[in-house]
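Below: the structure, in structure tokens.
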Protein chains: 2
Amino acid sequence: MGTTQLDSVQEPKYWHLKTVLSEALDSEFSVGEILPNERDLAARFGVARATLRQALEQLELEGRLQRRRGVGTTVAPPRVGVAVGGEQHAWPGGPGDAWQATDCVQQVPPAAVAAALETGADEPVHTVRRARTSGGQRVATELLYIPADSVPGLTAIDAPSGPARARTVLRELHRLEPEGQDRAVELGSARADDARELDRLPGSPVLVVTTRFTAEGRTAALSVATYRADTCRLTFGDTAGVEIHHDPERRAS
Amino acid sequence: MGTTQLDSVQEPKYWHLKTVLSEALDSEFSVGEILPNERDLAARFGVARATLRQALEQLELEGRLQRRRGVGTTVAPPRVGVAVGGEQHAWPGGPGDAWQATDCVQQVPPAAVAAALETGADEPVHTVRRARTSGGQRVATELLYIPADSVPGLTAIDAPSGPARARTVLRELHRLEPEGQDRAVELGSARADDARELDRLPGSPVLVVTTRFTAEGRTAALSVATYRADTCRLTFGDTAGVEIHHDPERRAS
DNA sequence: CAGTGGTCTAGACCACCCC
DNA sequence: GGGTGGTCTAGACCACTGG
């Protein structure tokens with residue numbers, strides 16, 4: 001008798017817990033199903049609630065679970081592939097664009113943005129807010145910065161803000177000949193306003209996609225898009241993207 | 001007298017703490033500097049250590065801090081931009097490739113990989129392990145799966161495993177005419193083996209880049225690369241990538 | 001060895017959702 | 001109101017690093 005398995009290398013409890021839960025999710029639960037509440041789960045596994053939560057947090061980070069305050073913890077569907085880099089050399093707001101403009105104001109951008117746009121630190125730029133939906137769910141928000149130089153034909157007479165203004169600004173931007181774009185992706189945490197729009201808590205992990213559009217040898221526009229990291233897989237390139245469902249402890253070997 | 005600031009909307013302590021610390025990092029610390037230890041910091045701010053840690057975790061996630069057990073918490077340098085999508089239609093291991101092969105074995109891949117490769121579930125494939133270094137630091141590890149069909153000229157006589165074998169497999173792969181590649185990026189958590197190679201703890205956040213290489217109408221190779229999310233900014237596109245340093249509560253507005 | 005961050009506990013209260 | 005997840009506390013011990 002006795003334990004058949006030596007605890008030769010001690011593994012953190014939450015790590016082991018995560019593995020056990022992950023396997024249970026694969027075999028005993030289906031998408032959308034509600035898990036037992038955290039207090040019950042912790043009791044069942046004989047750990048403190050904080051320890052259980054550490055395991056749940058990781059599973060949520062990996063897109064396997066979805067937790068909602070006041071509701072419960074549910075099994076998440078596989079991540080949605082959202083195309084990010086498909087059409088090279090196309091303006092935002094062009095045909096086939098998945099974004100919807102919700103607002104536009106003229107304001108002084110953050111210093112880092114002003115530097116990238118090569119505008120003065122106190123110079124206001126057109127700032128378009130847009131949102132992206134996939135499968136009926138909001139998956140990303142964006143701030144699109146367009147210096148006044150890029151839209152010279154814009155008249156101050158038009159609506160000064162709001163969606164109509166956004167459309168006008170984008171229409172003017174399209175008069176330029178697009179030259180190219182660079183993109184960068186990094187991990188971030190949701191600001192309070194983005195979190196609200198994405199139906200997440202502030203600080204939730206997000207993928208920040210920064211795109212610089214160039215025309216006439218200058219930076220014509222700069223986009224900072226914030227994608228929910230738990231539900232999105234960003235796809236680039238020729239087709240719809242690779243369909244590997246990500247399963248951390250079994251990716252390899 | 002009295003409080004000049006109403007606590008009209010209650011903000012979590014760790015969130016406020018994060019803001020305060022973030023500002024202190026900007027103004028009072030320089031890159032590489034060591035912060036006071038967690039117990040002292042918690043005492044200084046009048047919170048429990050767990051609360052303080054919640055704030056530090058977020059700052060580490062955002063790439064502002066680096067924490068090492070037994071050493072301390074230091075101010076992190078800005079994220080490194082690592083080029084991911086530069087040259088379209090090029091094989092891994094070609095000229096200018098930033099990766100270094102460390103090993104190669106022939107083994108049965110995970111089920112999800114076999115599905116993407118369109119090989120049988122029990123069919124072994126060449127599996128090349130590679131590593132990527134930037135600025136003297138290991139930033140990513142990769143598993144590159146190459147089905148036997150893609151390298152028909154390979155002889156079993158050569159070294160059966162190790163770096164030499166990896167070079168042979170890649171050389172044979174280069175005989176094919178590359179047709180295209182898709183890529184996907186998503187958030188993941190480091191497996192134990194990747195964590196060791198990246199000098200991080202298991203479960204640390206990573207950016208998983210999955211690339212499918214196609215040739216002759218088939219999937220010729222599949223790469224699953226794991227980048228440290230705390231230190232890397234993945235860049236795509238024409239040039240070196242956008243240089244916006246990411247500052248969550250000041251990205252916009 | 002002393003000091004650091006990492007893990008874990010057993011509680012408490014709060015914000016939110018739905019009935 | 002009752003149940004959920006989110007925040008917070010005040011401890012304890014462990015694993016790792018460095019002198």
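What you are looking at is a predicted structure, and each value in this text was computed from that prediction instead of being measured. Lettering of chains follows the sequences in order, A, B, ..., and the numbering in each one begins at 1.
The side-chain hydrogen bond (donor to acceptor under 3.5 Å, both in side chains) test applied to B:Gln54 returns no partner, not counting sequence neighbours. Among residues two or more places apart in sequence or in another chain, the salt bridge (charged side-chain N to carboxylate O under 4.0 Å, His left out) test is passed with A:Asp97 by A:Arg130. Taking A:Ala76 as the reference, A:Gln66 meet the side-chain contact (heavy atoms from CB on, under 4.5 Å) condition, with sequence neighbours excluded.
What separates CG of B:Asp199 from P of C:dG5 is a distance of 16 Å, to the nearest Å. Between A:Glu38 atom CD and D:dT7 atom P there is a gap of 11 Å when expressed in whole angstrom units. Atoms CG (A:Leu35) and P (D:dG5) sit 9 Å apart, rounded to a whole Å. The interatomic distance linking B:Gln66 (CD) with C:dT4 (C1') rounds to 15 Å, in whole Å. Look at NZ on A:Lys18: it is 16 Å from C1' on C:dT7, rounded to the nearest Å. Atom CD1 in B:Ile34 sits about 13 Å away from atom C1' in C:dG5, given to the nearest Å. Between B:Arg200 atom CZ and C:dG5 atom C1' the separation is 12 Å, expressed in whole Å.
Heavy atoms of other residues, nucleotides or ligands lying less than 6.0 angstrom from CD of B:Gln100 number 12 at most.
Sorted by first and then second residue, the pairs that involve residues 196-206 of chain A and meet side chain to side chain donor-acceptor pair (under 3.5 Å), not counting sequence neighbours, are A:Glu60-A:Arg200, A:Arg68-A:Asp199, A:Arg129-A:Glu197, A:Arg138-A:Glu197, A:Arg200-A:Asp230.
A salt bridge links A:Arg53 to A:Glu38: at least one charged side-chain nitrogen sits closer than 4.0 Å to a carboxylate oxygen. Ion pair B:Glu186/A:Arg79 flagged as a salt bridge, since at least one NZ, NE, NH1 or NH2 atom sits closer than 4.0 Å to an Asp/Glu carboxylate oxygen.
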Protein-nucleic acid N or O pairs under 3.5 Å, nucleotides 17-19 of chain C:
none

Protein N or O to nucleotides 9-12 of chain D N or O, pairs below 3.5 Å:
from	atom 1	to	atom 2	distance (Å)
D:dT9	OP1	B:Lys13	NZ	3.0
D:dT9	OP2	B:Ala48	N	2.8
D:dT9	OP2	B:Thr51	OG1	2.4

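DNA chain C is contacted by both B:Pro202 and B:Gly72; B:Gly72 maps to the nucleotide lying nearer its 5′ end (nearest heavy atom per residue).
At the heavy-atom level, A:Leu56 lies nowhere under 4.0 Å from the strands shown. Looking at heavy-atom distances under 4.0 Å, B:Arg53 makes contact with a base.
Proximity of B:Arg68 to the phosphate of D:dC16: no side-chain N or O atom is located under 4.0 Å from OP1 or OP2. Phosphate contact (OP1/OP2 of C:dT7, side-chain N/O of A:Tyr14, threshold under 4.0 Å): present. Between B:Thr73 and the phosphate of C:dG5, there is a side-chain N or O to OP1/OP2 separation shorter than 4.0 Å.
Note on ring orientation: taking the six-membered ring where Trp is involved, the planes of A:Tyr227 and A:Trp99 are perpendicular (angle over 60°, cut-offs 30° and 60°).
With D:dC8, C:dT4, D:dG5 as the candidates, the nucleotide lying closest to the side chain of B:Asn37 is C:dT4.
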Report the C-alpha separation of B:Leu21 and B:Phe45 in whole Å, then their side-chain angles, then the decisive distance to 0.1 Å, and conclude whether the side-chain contact (heavy atoms from CB on, under 4.5 Å) test is met. CA-CA 10 Å; B:Leu21 284 168; B:Phe45 287 107; 3.9 Å; yes
